[in-house]
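Before any comments, here is the structure.
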Amino acid sequence: MAFLSLTNVRKVFPNAQTAAVEDFTLDVEKGEFVSFLGPSGCGKTTTLRMIAGFETPTAGAIVMDGKEISNERPNQRNIGMVFQSYALFPNMTVADNIGFGLKVKGAPKTDIKQRVTEMLALIKLEQLGGRYPYQLSGGQQQRVALARAIAIRPKLLLLDEPLSALDAKIRVSLRNEIRAIQRQLGITTIYVTHDQEEALSLSDRVVVMNHGVIEQVGQPFEIYNFPKTAFTASFVGTLNMHDATVLDAAAGEVRLAGASIAVPSAALGGHRAGDTVKVALRPELLYVHPTGAAVENTLTGVVENVAFLGAVARIHLAVGDTTILVDEFNNPQLSVPAIGSTLTTYFTPESCMVLG
Amino acid sequence: MAFLSLTNVRKVFPNAQTAAVEDFTLDVEKGEFVSFLGPSGCGKTTTLRMIAGFETPTAGAIVMDGKEISNERPNQRNIGMVFQSYALFPNMTVADNIGFGLKVKGAPKTDIKQRVTEMLALIKLEQLGGRYPYQLSGGQQQRVALARAIAIRPKLLLLDEPLSALDAKIRVSLRNEIRAIQRQLGITTIYVTHDQEEALSLSDRVVVMNHGVIEQVGQPFEIYNFPKTAFTASFVGTLNMHDATVLDAAAGEVRLAGASIAVPSAALGGHRAGDTVKVALRPELLYVHPTGAAVENTLTGVVENVAFLGAVARIHLAVGDTTILVDEFNNPQLSVPAIGSTLTTYFTPESCMVLG
Amino acid sequence: MARRVSWFAWFWYVLGALYFIIPLWGTFVFSLQKERGTFSLAAYQSAFADPKFAETFLYSNVMAVLTIIFSLLLVVPTAYWVHLRVPRMRPVVEFITLMPFVIPAIVLVFGLIKTFSRPLTILGVTVLPPLTNSSLSTDFLLVAGYVVLSLPYMYRAVDNGLRAMDVGTLTEAAQSLGAGWGTILWRIILPNLRSALLSGALLTFAIVVGELTIATFLGRPAFGPYLALIGNHKVYEPAALAIVSFGLTWLAMGIIDRVTRGQGGTTTGAH
Amino acid sequence: MARRVSWFAWFWYVLGALYFIIPLWGTFVFSLQKERGTFSLAAYQSAFADPKFAETFLYSNVMAVLTIIFSLLLVVPTAYWVHLRVPRMRPVVEFITLMPFVIPAIVLVFGLIKTFSRPLTILGVTVLPPLTNSSLSTDFLLVAGYVVLSLPYMYRAVDNGLRAMDVGTLTEAAQSLGAGWGTILWRIILPNLRSALLSGALLTFAIVVGELTIATFLGRPAFGPYLALIGNHKVYEPAALAIVSFGLTWLAMGIIDRVTRGQGGTTTGAH
């Protein structure tokens, strides 16, 4: 049986028109790292707060380690929590913050001291135990908050957008640190974020949410490459998504931006010639056409813009009146096409996703 | 002559130990889009505020359009500004916010009305002129703030981390919109950010700053692929940077993670055998070694972790006691190596950067 | 969790209510007992019948309006400037505005009388004639004293209002659009302080109308001294007037609540 | 830009300073003139020589301490609860705490006397004997009145303190670490309110020591009535006592400033 089970959980806030969370069912295995991913107001934080005990579900059951906890008080659940705003106690030193949970539980002083030392080593802040929170940088404060949550040896660790308040560079290094610590301790973890790269790179499984309901649950690779809904496809990663007209469903042929394109015929099952479908393509699966080579599925257009994103150069290609994004991996010898020049791109039929 | 010139600009705040900005010299051409990129406290915002007139330089000159402006009041400079917190006037409608600058300048009512309509069309919020700011989403508020700044036809547009308060997904779409509007109007723009992807993707030129001084000025491609300092190299993009020992400077040979590696010999000029240098490698320039093929510059290690970032799968490879990151472009048929398996990666000598 | 704290909440609710309601109820019942053995509004009729009531009430109202105008002119630019340029000084300024309660009103009025009952001279040059000679100039002193008395409320109200908006950034945004200080104050700051100013003004009004000490010592025909006078000579009428004054307060509170509610979105929009 | 506003700043600085300094200076000079033709501290000596001074001052100090204790017990949990559970009610609660200034003290004391000078009965059952019979129970009434008077300062101070921290998240963080309500209040909320509580307590102290109306009507030997009495009979001594009281205020202000400064980092750290 799963370590944490949410069954048909629903939350309606007083005076609210619609449910904040609707029919949320999820099993989390022991030691798993699961992310809740979605835009603001999608219900991800509300769900997390119900698990923590800060909100009471309107309906449904939350079972942890075989025990129904929906009606337990938050201070009885033994669940560690990390907040976006760090929420360190300003009147206590770093060491006292980390030791607070054990002190509340009446642990002996020597035990607390030992555990605090252990935690400080884990977050690599051995020297800063005597500092006050306001003397630390944002990244350091959040590491202390993580140590404080872990110090009580919680059954479950919850993180509510822990990196949102930090700079881009620190976000990346701290997320790797969080993942490493989670792996090392094997602690079951739920992570809330609106940043798809964070969710993909950290998680064993990602729960994509929108308007209070689950859109898809799956491994990062699955979510990214095989999205089940248009929302998941467009929210996770960059996407070319355009309307296409079915030409021949059995042969897997559609008309996209004026060109005849082959897509997996299985994806057109149930459609008839003349139907409009959405065809989605990841920019990194479009390739610049080598001059002279004959390949299928080509689109030819005019380069509108080339945005250099670092590891990737993104070409905006105007094909008819639609703009197609083509990603190329950076290299120092890269010759980006000139703006206004004509370019042909090609892609495999298998890389086309047909949605709705 | 450049449209905007900062010459030896310096700013020391009262009671501060060190200068917030030191010896800042930069020429910006008319119509150019320049980003100031750096970590918190690097002086990028202070520099922007000196251009806007909210701070007075301690030393140095700021010349715009051939006129020294250092001592002009901010309301005389005709410089549009967009703030991280939107800073819309809560007591005014969207239309009144956009028209405020023209009203202050005593423009005729019909002119104001026409310009407001024009601006609302530009930011695609035609229907929302009568709304109040609190009735808009964050992204809409920031578009209104942009329209308000542009409405006065400023000589210069300044943006101070305009996307930091927004969700990841909206950040990307709004930055493309900002760039498109800037291109369309040809307005000279300075953009402050701590997000390297934002700076690279938007800018004609990027100014990398650290500790109050300019580290490097250059085009995005240049900054990313040919960084001049270790700080620029590591702050912009992801980087493998490791110590290596020079084996033969003339032949361009170093020992890295136990292997003998070829680097451009020109980069080792001035070094002698036995010297320690930093060798930096972009993860996307490392390739997984095709079995059986014989290539130079190989590193073999054990796969520690594979993080799926969306368009990229990042392999953490333990080579000796250093971890090397290898990026592979995603595709749905991608077979990521299993954790614990042995993998060989290779790279060209030209892709190695030698720093310090 | 909400259930767990509710006994706690109720305990304080009831205690707080009793704390305010018991004296009020006692006063109200008492005010109805002017006619022995029956409840009646006789005390209210008697209180309103006195022409002195209308006279003093009007005088105090005029003084209250003047006080509000002068204290607004003093407080709004000061508080704005403190927020914008020297936010670290905020606690100090706040403490200074609280001084009227630390210096008892009786001392304040002594100081005013002692200072201004003689010509004010600086280095031997008379800069101000004695102010206690005419009733007009004494009224000026009275308003000055009231402005000091109302400072804490007015300053607090304005300070809260300023805190609810991002004064610094709004000012810079307006400056970058070409606005000068006058435009910024008049078009940006004041409109966003509307409900704060209203709340401060209403409080000032209530305080001035009930004030006793300063008006007594300056010998002006205000409502406060009249109320105290009635308190010495009559039994039931002061209770009636107290109830009336309390009713006016709740009316004012209702108005503030409505006005604040109307602007609710403006402040909650910041979240 | 800083240069441009400085005339404006100076104007208000000077105006504000004059506003406070002129009456103060007048009072001070006056207090030194007890001995004709020369400046001396005679008025101060005379004021301190009266044994009634020490007696009433001590009594008022004891009352002040009791007032502080009771108002803390009333205000801290209430304000915390309002912040945590019903933040939308904050303006309403704030307005209620301001009521003592809207109901004049004289009305408050009437209500207290009228209500508690008879046995308090609810539905015919006596729940409280008359409280004005013994001096101990009258002292209780006095403290109750003072608690009401001090509410605005105490509540504001605590409210400001709570606003400076993120009450909701800190509470949830403590709960997730296993802490109950008692631990949260005692170990998290109170320590972070230290300077706010100190400031509220000092203000309450200053108010209670100077209060006149309630103490007079309840006939208790407090410092306020003593000061007023001296004011009626003597000329220079009240001025001297006013200056002393003012000096004590500035001392208190200095203490608050130091304490607040020591904790400065705690609040600025939030940025």
Side-chain angles (χ1 to χ4, degrees), chain A residues 39-40 137-138 164 166-172 175-176 179-180 183 193-203 219-226 234-238 282-285 304-314 316 327-334 336 348 350-351 353, chain B residues 38-41 137-138 164 166-172 175-176 179-180 183 193-203 219-221 223-226 234-238 282-285 305-314 316 327-334 336 348 350-351 353:
Chain A
S40 304
S137 72
S164 293
L166 299 169
D167 271 14
K169 206 72 200 173
I170 299 162
R171 269 208 292 270
V172 174
R175 90 181 176 211
N176 289 332
R179 183 51 160 150
R183 277 242 170 76
T193 181
H194 60 75
D195 185 323
Q196 46 103 2
E197 193 185 295
E198 238 169 74
L200 294 178
S201 67
L202 283 172
S203 317
Q219 292 173 11
F221 185 79
E222 217 179 307
I223 293 280
Y224 185 83
N225 285 313
F226 307 105
S234 62
F235 190 81
V236 180
T238 309
R282 297 285 177 199
E284 71 269 20
L285 301 179
E304 277 184 326
N305 184 24
V306 180
F308 185 75
L309 309 184
V312 162
R314 180 162 293 161
H316 296 241
D327 279 2
E328 278 201 276
F329 237 148
N330 168 62
N331 77 67
Q333 286 77 45
L334 183 73
V336 293
T348 64
E350 291 70 36
S351 60
M353 297 179 265
Chain B
S40 304
S137 72
S164 294
L166 300 169
D167 270 13
K169 206 71 198 173
I170 298 162
R171 268 209 293 269
V172 174
R175 88 179 178 212
N176 290 332
R179 183 52 160 152
R183 277 241 170 78
T193 181
H194 61 74
D195 184 323
Q196 46 102 5
E197 192 184 295
E198 237 169 75
L200 293 178
S201 68
L202 284 172
S203 319
Q219 292 172 10
F221 184 79
I223 294 280
Y224 185 83
N225 285 313
F226 308 105
S234 63
F235 190 80
V236 180
T238 309
R282 297 285 177 198
E284 71 269 20
L285 301 179
N305 184 23
V306 180
F308 186 73
L309 310 183
V312 162
R314 180 161 293 161
H316 296 241
D327 278 2
E328 277 202 276
F329 237 149
N330 167 61
N331 76 67
Q333 286 77 43
L334 183 73
V336 293
T348 65
E350 292 71 34
S351 61
M353 298 179 265

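Each chain gets a letter, A, B and so on, in the order the sequences are listed, and its residues count up from 1.
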Checking heavy atoms, do the side chain of [X], its backbone, both or neither come under 4.5 Å from chain B?
X	answer
A:S234	backbone
A:D327	both
A:F235	both

Closest heavy-atom pair, A:L309 versus B:E197, reported as atoms and distance to 0.1 Å, is O-CG, 3.8 Å
Between A:D167 and B:S40, what is the shortest heavy-atom contact and its length?
OD2-OG, 2.9 Å
Tell me, please, which residues at least two apart from A:R171 pass side-chain hydrogen bond (donor to acceptor under 3.5 Å, both in side chains).
none
With sequence neighbours left out, the residues meeting side-chain hydrogen bond (donor to acceptor under 3.5 Å, both in side chains) with B:E284 are A:N330, B:Y224
Using a 4.5 angstrom heavy-atom cutoff, name the option from A:D195, A:V312, A:L285 with the most pairs to chain B.
A:L285
Give the member of [options] that has the highest number of heavy-atom pairs under 4.5 Å with chain A.
options	result
B:T193, B:V306, B:N305	B:N305
B:Q219, B:H316, B:R314, B:R183	B:R183
B:P220, B:G310, B:S201, B:A313	B:G310

Could you walk me through whether B:F308 and A:N225 satisfy the side chain to side chain contact (heavy atoms under 4.5 Å, CB included) test, starting with their C-alpha distance in whole Å, then the side-chain angles of each, then the deciding distance to 0.1 Å, before giving a yes or no?
CA-CA 11 Å; B:F308 186 73; A:N225 285 313; 3.9 Å; yes
